[in-house]
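Data block below; observations after.
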Amino acid sequence: ENVAVHTGAQRVPFLSSSLVDNDRTLMMHRTMNGSIWDARDLGVVVAGDYDRFGWSVHITNGVDAVAEDWRYGGRVTFDVLGTGVPQHEGAVGAAAGDSLMFGLAYSDDQNLNDGAAVAFEANYTNNAFFAGFELVDYDKDYSNSGQGITPWTARGFFLINPNNELGLSYTDGDDTDDTMIIVAGWNHYPGGDHTRKYQVNYAFVDSDDADVENDILSFGVTLGFNRN
């Protein structure tokens, strides 16, 4: 068993898609839920693992920053198969064979009257294939409509060869505007990992809100230092 204490400004352990580093995402942007939980917050996180289980608890400032109300919660993950999914998205660099991880998380911001959020996720890799699903149930204070929402995302990626990966992502925003997002992407890895990559994304956003509805074509380049 390993236990670690982290203090300072950090991402709250809630979803894999929010914890992965910016240069190791498959698409050029995080999932809808991943983007919400990507922000860093000042506080304390205690995390550990035992056998196939991982766990963490957190207490941070929350949305009211340095005022008296706190955000607190925890996360549990379980590696059903294999040794867990890698610390990046997609099949590139994944271990051979099946790896399947389930995760549950809870967070409650006391500055909000109804500020609880509950997350479920599942991530799977098998050689050249990656599949992921995440769902977060938010209390009504997270939504401008004053109603609770439960946005979810399903993703699938296939590694054509060691240097090229294709992916598709579908998101249901579960909002009053019936927002839906489909993203198709292609990644080229010259060195066979996320250290250097070229990305092309096409996003189709459908919504009853004309200001949100859009078609977006994006190109990206990542250049970084090799690391484990």
Side-chain angles (χ1 to χ4, degrees), residues 11 13-22 24-38 54 75-82 84-95 97-107 117-138 142-143 148-160 164-187 194 197 199-209 212-218 220:
R11 299 187 187 105
F14 195 72
L15 287 170
S16 296
S17 61
S18 63
L19 292 171
V20 67
D21 289 340
N22 291 330
R24 295 197 168 193
T25 60
L26 269 169
M27 299 299 190
M28 293 177 63
H29 301 284
R30 299 179 189 271
T31 63
M32 177 182 288
N33 287 310
S35 297
I36 293 173
W37 294 93
D38 174 43
R75 180 175 185 244
V76 177
T77 61
F78 177 58
D79 295 330
V80 181
L81 298 171
V85 295
Q87 297 300 309
H88 59 261
E89 295 181 335
V92 62
D98 297 310
S99 292
L100 174 63
M101 180 274 280
F102 289 130
L104 288 172
Y106 174 84
S107 188
V118 180
F120 167 77
E121 66 174 306
N123 292 299
Y124 170 80
T125 60
N126 182 336
N127 297 320
F129 181 70
F130 167 88
F133 176 83
E134 63 182 35
L135 176 151
V136 181
D137 184 49
Y138 296 95
Y142 280 94
S143 170
I149 57 174
T150 310
W152 58 270
T153 297
R155 301 182 291 169
F157 297 88
F158 181 71
L159 194 64
I160 302 172
N164 292 279
E165 191 167 22
L166 296 176
L168 188 66
S169 173
Y170 177 89
T171 297
D172 184 339
D174 191 42
D175 56 7
T176 55
D177 294 321
D178 293 325
T179 303
M180 178 269 294
I181 305 171
I182 298 176
V183 184
W186 166 67
N187 287 354
H194 284 267
K197 64 183 174 185
Q199 295 176 281
V200 180
N201 284 183
Y202 170 73
F204 168 70
V205 183
D206 183 60
S207 176
D208 293 340
D209 185 344
V212 174
E213 195 168 66
N214 213 336
D215 293 270
I216 305 169
L217 181 63
S218 305

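This structure is a prediction, so every number in the text was calculated from the model and none was measured. Scope of the values below: all heavy atoms of this structure, side chains included, with no hydrogens, waters or symmetry mates.
Across F157 and G167, no two heavy atoms sit closer than the pair CD2-CA, 3.0 Å. For L15 against A119, the heavy-atom pair with the smallest separation is CD2-CB, 3.9 Å. What you find for T125 and G90 is that their closest heavy atoms are CG2-O, 4.1 Å. Considering all non-hydrogen atoms of both residues, L159 and E165 come closest at CD1-CB, 3.8 Å. Residues S218 and M28 share a closest heavy-atom pair of CB-SD, 3.6 Å.
By the ring-ring contact (aromatic ring centres under 6.0 Å, His included) test, Y170 is found to be paired with W152, residues two or more places apart in sequence or in another chain being considered. Every residue two or more places apart in sequence or in another chain was checked for a ring-ring contact (aromatic ring centres under 6.0 Å, His included) with F204, and none qualifies. Judged as a salt bridge (charged side-chain N to carboxylate O under 4.0 Å, His left out), and not counting sequence neighbours, the contacts of R11 are D21, D38. Remark: D174 engages no residue in a salt bridge (charged side-chain N to carboxylate O under 4.0 Å, His left out) (not counting sequence neighbours). Under the side chain to side chain contact (heavy atoms under 4.5 Å, CB included) criterion, D79 pairs with R52, M101, not counting sequence neighbours.
Here the straight-line distance linking atom CG of L81 with atom OG of S99 works out to 7.5 Å at 0.5 Å rounding. Annotation: the span from D209 atom CG to N214 atom CG amounts to 11.0 Å, rounded to 0.5 Å.
Classification of the F14-W37 ring pair by plane angle, with boundaries at 30° and 60°, yields parallel.
For the pair T31 (side chain) and G34 (backbone), a donor-acceptor distance under 3.5 Å is present. Looking at E89, its side chain does come within 3.5 Å of a backbone N or O of L26 through a donor-acceptor pair.
Looking at heavy atoms from C-beta onward, S169 lies in side-chain contact with T153 at the 4.5 angstrom threshold. Considering only heavy atoms from C-beta on, L104 stays 4.5 Å or farther from R75 through its side chain.
Annotation: salt bridge (Lys or Arg N to Asp or Glu O under 4.0 Å) contacts involving residues 124-137, sequence neighbours excluded, are absent.
Side-chain contact, N201 with Q199: no donor N or O sits under 3.5 Å from an acceptor N or O.
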